[in-house]
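Working notes, structure below.
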Amino acid sequence: MIIYNVTAKVATDSHSAWLQWMREEHIPAILSTGLFSDYRMCRLLEQDDAEGPTYVIQFFTSSLEHYQTFQAVQANALRQRGYDLFGDRFVAFHTVMEVI
């Protein structure tokens, strides 16, 4: 099992719209690729939320090849949509993990 992990810090004034977009558009678009079987979205606790909350979204896939296909084919366009909508109102970084 491979986990594609996205950690995002979202500005307070954009938080509600960003969260709605994630739930209604971005996450369904990633899942619709057929490359991920499930996801989990969490809000980090015990963080400095003065500038906004921090979220972790984990997408689960059965193989590294599925993740690599996603990165090569769909990832850039899907990420760009977020930047088009929210500009610098969020910052995100991505990691990849293997369940052992």
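Position 1 is the first residue of the sequence, and the numbers go up from there.
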Can you confirm whether H26 sits close enough to I57 that some side-chain heavy atom of one is under 4.5 Å from a side-chain heavy atom of the other? no

Report yes or no: do Y83 and V10 belong to one cluster of Ile/Leu/Val/Met/Phe/Trp/Tyr joined by side chain heavy-atom distances under 4.5 Å? yes

Nearest 0.5 Å please: distance from the CD atom of Q68 over to the OG atom of S63. 8.0 Å

With a 4.5 Å cut-off on side-chain heavy-atom distances among I, L, V, M, F, W and Y, is there a chain of contacts connecting Y4 to V56? no

Does a side-chain heavy-atom distance below 4.5 Å link M41 with I27? yes

Between F36 and F60, is the ring centre distance below 6.0 Å? no

Judged by modelled atom types alone, do Y55 and H15 share a side-chain donor-acceptor pair under 3.5 Å? yes

Rounded distance (nearest 0.5 Å) linking atom CD of Q74 with atom CD of Q71: 9.5 Å

Between L78 and A29, what is the shortest heavy-atom contact and its length? CD2-CB, 3.7 Å

Checking N76 against Q80: is there a side-chain donor and acceptor pair closer than 3.5 Å? no

Do you know the tightest heavy-atom contact between L35 and T61? O-OG1, 2.6 Å

Shared ILVMFWY cluster between I3 and Y67, side chains joined below 4.5 angstrom? no

Within this structure, what is the CZ-CG distance for the pair F59 and L31, rounded to the nearest 0.5 Å? 6.0 Å

Keeping T33 on the side-chain end and I30 on the backbone end, is there a donor-acceptor pair under 3.5 Å? yes

Pair up each side-chain donor or acceptor in residues 88-100 with any protein partner under 3.5 Å, not counting sequence neighbours, and list the distances.
residue, atom, partner, partner atom, Å
R89, NE, D13, OD1, 3.3
R89, NH2, D13, OD1, 2.7
R89, NH2, D13, OD2, 3.2
H94, NE2, R79, NE, 3.4
T95, OG1, N5, ND2, 3.4

Can you pull out every side chain to side chain donor-acceptor pair (under 3.5 Å) where at least one residue sits in residues 34-46? Sequence neighbours excluded, please. R43-D49

Do E25 and R81 pass the side chain to side chain contact (heavy atoms under 4.5 Å, CB included) test, and can you show the C-alpha distance, the side-chain angles, and the key distance before you say yes or no? CA-CA 10 Å; E25 184 179 329; R81 176 77 174 134; 2.9 Å; yes

State the CD1-NE2 distance between I2 and H66, to the nearest 0.5 angstrom. 11.0 Å

